[in-house]
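One structure is given here, and the rest of the page talks about it.
Worth knowing before you read on, the calculation uses all heavy atoms, side chains too, and leaves out hydrogens, waters and symmetry mates. In what follows, chains are A, B, ... by sequence order, proteins preceding strands, each numbered from 1. Keep in mind that this is a model prediction, so the values were computed, not measured.
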Amino acid sequence: MFNPVSSRISFPAMEEKVLDFWKRQDIFNKSVKQREGKKRFVFYEGPPFANGNPGIHHVLARVYKDVIVRYQEMKGHYVPRIAGWDTHGLPVELEIERQLGFSSKAEIEKYGVEEFNRRCRESVFKYVKEWNYLTERIAYWVDLDHAYKTMDNTYVESVWWALKQMWDKDYIYQGYKVTPHCPRCGTSLSSHEVALGYQDDTEDPSVYIKFRTHLKSAQGSPALERVRALVADKKTYLLAWTTTPWTLPGNTALAVAADAEYVVLEHEGEYLIFADALRGQVGLGTNPVVERLSGKELVGVEYEPLFNPHDFGIERRRFETRSDLVVQKPDKDLVYRVIATDFVSMEDGTGIVHSAPAYGEVDFQAGQEKSLDFVHTVDLQGNITGTYPFTGKFVKEADPLVTADLKKRGLLFKAETIRHTYPFCWRCDAPLLYYAKQTWYIRTTAVKDRMLKGNQKINWYPEHIKTGRFGNWLENNVDWGFARERYWGTPLPFWRCEKCNATECVGSVEELRQKPGFTGFREPLDLHRPYMDDVSFTCGKCGGKMKRTPEVMDCWFDSGSMPFAQLHYPFENKELFDKEMKQADYICEGVDQTRGWFYSLHAISTLLFDRPSFKNCICLELFLDADGKKMSKSRGNAVDPIQIVNRNGADALRWYCYTSAPPGMVRRFDTQLVTDVTRQFLLTLWNVYSFFVTYANIDKFTPDPSKTVKDVPELDRWILSELNQMVKEVNTEMENYDPTGAGRRIEEFMDDLSNWYVRRSRRRFWKSENDTDKLSAYNTLYHCLVTLVKLMAPFAPFIAEELYQNLVRSVDGSAPESVHLADYPSADESIIDPDLSLDTHLAMRVSSLGRAARSQAGIKVRQPLAKVLVHVASKRDREGLERLAPQVLEELNVKTVEFVEAVEELNNRECIACTEGELSVAVSKGISPELAAEGLAREIVHRLQTMRRNAGFEIADYITTHYQGDDHVRQVMRGFADYVKQETLSRQLVEGAPVEGAHTETHKLAGHSITLGVKKIGS
RNA sequence: GGGCCAUUAGCUCAGUUGGUUAGAGCACAGUCCUGAUAAGACUGGGGUCUGUGGUUCGAAUCCACAAUGGCCCA
């Protein structure tokens, strides 16, 4: 006996019960352990931050990770998976700063790094309960108890090891980088933070500056010589434009577009040079053009600096290599030169761009490429340094002073204001400055080709990521600036001698301990700041004191080290990693990770091991809200996954995630659609299941593999063929990392099973004789359900478990304890019968058209008709249909089927036809008295069935039926007595007024009044 | 400013190498069926396949440009 199943079901309540079962029986651990020794399927869990509540997109990621991993496990692989947490980084620090009301690093230092980091450490697991709860509730099976944390000493040590490897390979160097810098917070901002603070309509100066030139040039092209001769008598200037006058003292080059045309114009007794295309915009559209020359010809032309840095106590340095800045000697006659770059706009300005390598990223790159001078005139607080008239002023206050100074010296063409978009610090509203700072780099460009080559081996889902987003990103690879001037992060393991500047990289705790003169570890050991700042040892070169460089690591380096750092490699688990875990078979995260985790994994793996870190990667796109807007906490449109789970259940949410759209596509999240999944898919499955259990219990059906049926009926052969075809395809889709395709395929099968197989088989289950046909039906439906349940287990683990426990475990104690310990079904292809499948679908279409024809004729299906006329496209179709005629006859409630050669015939007869393509189906309209009588009998049966239910009888209860009516009614009841008795489980049909206590109703059917009474036998 | 993705019915999505009249589910309306009943079937309305060009005998599909939305990077 199966446990009785109600057709009413609360999925969330059922899921809670199943969760409890898994927990009690430790099913997850058993599922992993039972595959020990089998081929390993390696999955890397990308560590999330647990300092905020998990959102719906986290659910998406987790269920996509889960479905593949569960599938692989059921396919027989050994798939241990460890959870992980990202714990370092600026977001954590910002949260603490917010709590403490800080807005600058100075405040943190004053407060104390020790206490600050203690708070950071505490806060990273603030929401870990919520994370763990949701993780378990949606049945993402991952080992939460042994989760790796990027802040663990063992983890940090592995990261140090990785860095040391790169150090030894000479991949690490110090160089400059331009970053968006908040002068008040004293720190760089990540691009994400910058994006938070853009303000439209910011008013800024718009100034046109004149740079004095004598048109001398090292190359001295003929055209240039000509122009020089022409303008020799008057002062000549290169006209440039800027919105940041404070950067002008840092100017070391002017940039032109090589292919653009430039003009020499006369204006108020002077000559001005700028782009022809911008004459009108500059306001000199009518001034006479003295000469023209191309940008190319201007390259190399010398001009006088607006402010010679040496006159104002500022150091002038020059890019000797891309990373080395070398101090230059004072030069009273300092000149700078015109360069050509590809970032010169012909849309605004003058076509000559003022370039200050210290204050702009493109300027900086130009500085590196063209070995420009590098002049820093602003400190990290945004104040002007040196001895300028405006020294000590904040840059924005210096703007008008710089402009005024230039005007006084006749170097200003004009000054206006402009409204544009400019980034501000999202915390303190200070304008951000693009500012060059010295920082540490990993020479990723050295392995760019290897990374590109490795990328070719990765299977990306969707595919376009490979050559698109990720490929492009690799193509444009620049060295990785991995240091952060912050507090809560993996400390850089670089120690520098105070005396001789020698720098060493330390690759392990033990190595550090062994250093001569080592001092500074505290117990318990904590490899974070400020403790590591106290660690020092003796310089191997000069005997000086080695102090740690103050920076911490970009937290992307942390997470990218996860494959080995989670194992404390190479200090532990060396063999395990080298032999089995060195490459993930599968990872899955949001597509925003292409430049985040995907990149850091790939880059670190290439640098250290010269191989890609992962083989298959599903990139998930975002959920938008129901209106297509981005979800965000501030907008208040974020969906709370727990609410959805509590209302619809985790299976519904999971199934929705898999099937509603391909994961790589942006999609809208509509809670209504999750409800639809429940109704359309899960509830349908539940109905089939409860139908099966209800009748199986009535008939005391027990699955028994030895009780097979010899000649399996066609309908059963058909659904078994469909089942195996589906199993085959689902396996293929899953191997291809396509749970969407697989899930949708399962839905299709469910539709076939429910709306054709069960619908067509219902009578077979309630016929009272226990014949072989009935056994075959039970065997077949049982097999379908059990297979389906296993097939669905990775997708909808709860309902699969619930059904499995009742269908399999309750009757077979030797079966695996859980569906998740079972093997994944594989197809028996010998059972697949494509012809039968084709024919059945034809029968379905014929039935559909037949019903449409009946509908048009206005004749109920309950009324039997003499015949259905069918026209098919081919002889093959006709033969197939003839074979399946019984199903069609029953479905359409007609006596015979007749095939016609010509469609026209259908219209010549007393019938109504419906056509779809080459297929036409017609039903005869004529109803003989015999057919009418049979129709009435069926009508009466229908009423009796309804009355049985209204009276509250059980499906298997036997009854006595009383009836009272006219002659015709009596005749019909006598003529169809056996039929009525069988259908309604009536032992007796008694003519006359219903007895006392019977459920009684009076109906008017086909013009005849009839009174019916039903009474349960024995009551 | 650059890159990538998307745009098909009111909504969510299919639509294979270009090839009959572009489909499904939901929603809406009507009808039916019902011993799966908080299901099911049929019918109907609803489409400029985002737009404009191009390639082709033929384009939702291929190409170019544009618009809108989204993501990533400047």
Next item on the list: Decide, yes or no, whether a salt bridge links A:E983 with A:R763 under the criterion of side-chain N to carboxylate O below 4.0 Å.
Entry: yes

Notebook entry, point to check: Do A:E802 and A:N806 get their side chains close enough for a donor-acceptor pair, meaning under 3.5 Å?
Noted result: no

Item checked: Worked check of ring-ring contact (aromatic ring centres under 6.0 Å, His included) between A:F470 and A:Y599 -> CA-CA 8 Å; A:F470 197 70; A:Y599 173 67; 7.0 Å; no

Notebook entry, point to check: Are A:K774 and A:F701 close enough, and set up right, to give a side chain to side chain contact (heavy atoms under 4.5 Å, CB included), and what steps lead you there?
Noted result: CA-CA 10 Å; A:K774 187 172 186 172; A:F701 166 79; over 6 Å; no

Margin query: Using the C1' atom as the point on both nucleotides, what is the distance between B:A41 and B:C33, in whole Å?
Written below: 7 Å

Checklist line | Position toward the 5' end of RNA chain B (nearest nucleotide), A:T659 or A:H464 | finding: A:H464

Next item on the list: Test side chain to side chain contact (heavy atoms under 4.5 Å, CB included) on A:I458 and A:H602 and set out the steps.
Entry: CA-CA 10 Å; A:I458 300 170; A:H602 190 63; 3.8 Å; yes

Next item on the list: Scan A:Y689 against the nucleic acid and name what it touches under 4.0 Å (heavy atoms): base, sugar-phosphate only, or nothing.
Entry: nothing

Item checked: Whole-Å distance separating the CD1 atom of A:I465 from the P atom of B:C72 -> 12 Å

Notebook entry, point to check: For atom C1', what is the distance between B:U50 and B:G30, given to the nearest Å?
Noted result: 34 Å

Item checked: Base-paired stems that RNA chain B participates in, counting runs of 3 or more Watson-Crick or G-U pairs under 3.5 Å -> B:1-7 with B:67-73, B:10-13 with B:23-26, B:28-32 with B:40-44, B:50-54 with B:62-66

Checklist line | Protein-nucleotide distance (A:R745, atom CZ; B:C13, atom P), rounded to Å | finding: 22 Å

Item checked: B:G19 and B:G15, which share atom name P, separated by this distance in whole Å -> 13 Å

Checklist line | Side-chain ion pair, A:E747 and A:R744, N-O less than 4.0 Å | finding: no

Next item on the list: Please work out if A:P662 contacts a base, only the sugar-phosphate, or nothing of the nucleic acid, heavy-atom cut-off 4.0 Å.
Entry: sugar-phosphate

Note to self: Within the 4.5 Å heavy-atom criterion, are A:M726 and A:D752 side-chain neighbours or not?
What the structure shows: no

Next item on the list: Check every atom of B:A41, B:C42, B:A38 against the side chain of A:A852 and return the nucleotide holding the closest atom.
Entry: B:C42

Item checked: Closest listed nucleotide, where the reference is the side chain of A:R851 and the choices are B:A39, B:A41, B:A14 -> B:A41

Check: Is the centre of the A:Y778 ring less than 6.0 Å from the centre of the A:Y695 ring?
Finding: no

Check: Could you go step by step and tell me if A:L620 and A:C588 meet the side chain to side chain contact (heavy atoms under 4.5 Å, CB included) rule?
Finding: CA-CA 7 Å; A:L620 305 165; A:C588 165; 3.7 Å; yes

Margin query: Less than 4.0 angstrom between a side-chain N/O of A:T594 and OP1 or OP2 of B:C4, yes or no?
Written below: no

Margin query: Tell me if the aromatic rings of A:Y434 and A:F364 count as close, with their centers under 6.0 Å from one another.
Written below: no

Next item on the list: Calculate the interatomic distance between A:N472 atom CG and B:G2 atom C1'; express it in whole Å.
Entry: 10 Å

Check: Whole-Å distance between B:C13 P and A:D751 CG?
Finding: 20 Å

Next item on the list: Hey, could you give me each pair passing salt bridge (charged side-chain N to carboxylate O under 4.0 Å, His left out) that has a residue in residues 841-852 of chain A? Not counting sequence neighbours.
Entry: A:R845-A:E916, A:R851-A:E891

Next item on the list: Rounded off to whole Å, could you give me the CZ-to-P distance for the A:F681 and B:G40 pair?
Entry: 14 Å

Notebook entry, point to check: Listed by chain and number, what are the side chain to side chain contact (heavy atoms under 4.5 Å, CB included) partners of A:V789, not counting sequence neighbours?
Noted result: A:A800, A:L803, A:Y804, A:V819

Where do N or O atoms of nucleotides 68-71 of chain B meet protein N or O atoms at under 3.5 Å, pair by pair?
residue, atom, partner, partner atom, Å
B:C71, OP1, A:K630, NZ, 3.3
B:C71, O2', A:R469, NH1, 2.9
B:C71, O2, A:R469, NH2, 2.3

Notebook entry, point to check: What is the distance, rounded to the nearest whole Å, between atom OH of A:Y658 and atom P of B:U12?
Noted result: 22 Å

Item checked: Rounded C1' spacing from B:C72 to B:G53 in Å -> 30 Å

Check: Phosphate oxygens OP1/OP2 of B:A41: is one of them under 4.0 Å from a side-chain N or O of A:N755?
Finding: yes

Notebook entry, point to check: Contact class for A:S848 vs. all strands (heavy atom < 4.0 Å): base, sugar-phosphate, or nothing?
Noted result: sugar-phosphate

Check: Base, sugar-phosphate alone, or nothing: which one does A:I9 contact when heavy atoms must sit under 4.0 Å apart?
Finding: nothing

Notebook entry, point to check: Which letter, B, S or -, goes with each nucleotide of nucleotides 18-32 of chain B from 5' to 3', with contact meaning a protein heavy atom under 4.0 Å?
Noted result: -------SSS----S

Checklist line | Rounded C1' spacing from B:C32 to B:A39 in Å | finding: 15 Å

Item checked: Integer angstrom distance from the C1' of B:A24 to that of B:C49 -> 16 Å

Next item on the list: Figure out the CD/P separation between A:E475 and B:C4, and round it to whole Å.
Entry: 12 Å

Notebook entry, point to check: Starting at CD of A:E747 and ending at P of B:A14, how long is that distance when rounded to a whole Å?
Noted result: 12 Å

Next item on the list: Before giving the answer on side chain to side chain contact (heavy atoms under 4.5 Å, CB included), spell out for A:F11 and A:D651 the whole-Å C-alpha distance, their side-chain angles and the decisive distance to 0.1 Å.
Entry: CA-CA 8 Å; A:F11 287 110; A:D651 278 344; 5.8 Å; no

Next item on the list: Rounded to whole angstrom, note down the C1' distance from B:A14 over to B:G54.
Entry: 28 Å

Check: Looking only at atom P, what distance separates B:A27 and B:C42, rounded to whole Å?
Finding: 15 Å

Note to self: Taking the nucleotide of RNA chain B with the nearest heavy atom to each, does A:Y656 or A:H942 sit closer to the 5' end?
What the structure shows: A:Y656

Next item on the list: Output every pair passing salt bridge (charged side-chain N to carboxylate O under 4.0 Å, His left out) with a member in residues 943-960 of chain A, not counting sequence neighbours, ordered by first then second residue.
Entry: A:E939-A:R943, A:D957-A:K1016

Check: Out of B:G3, B:G40, B:C72, which has the shortest distance to the side chain of A:R595?
Finding: B:C72

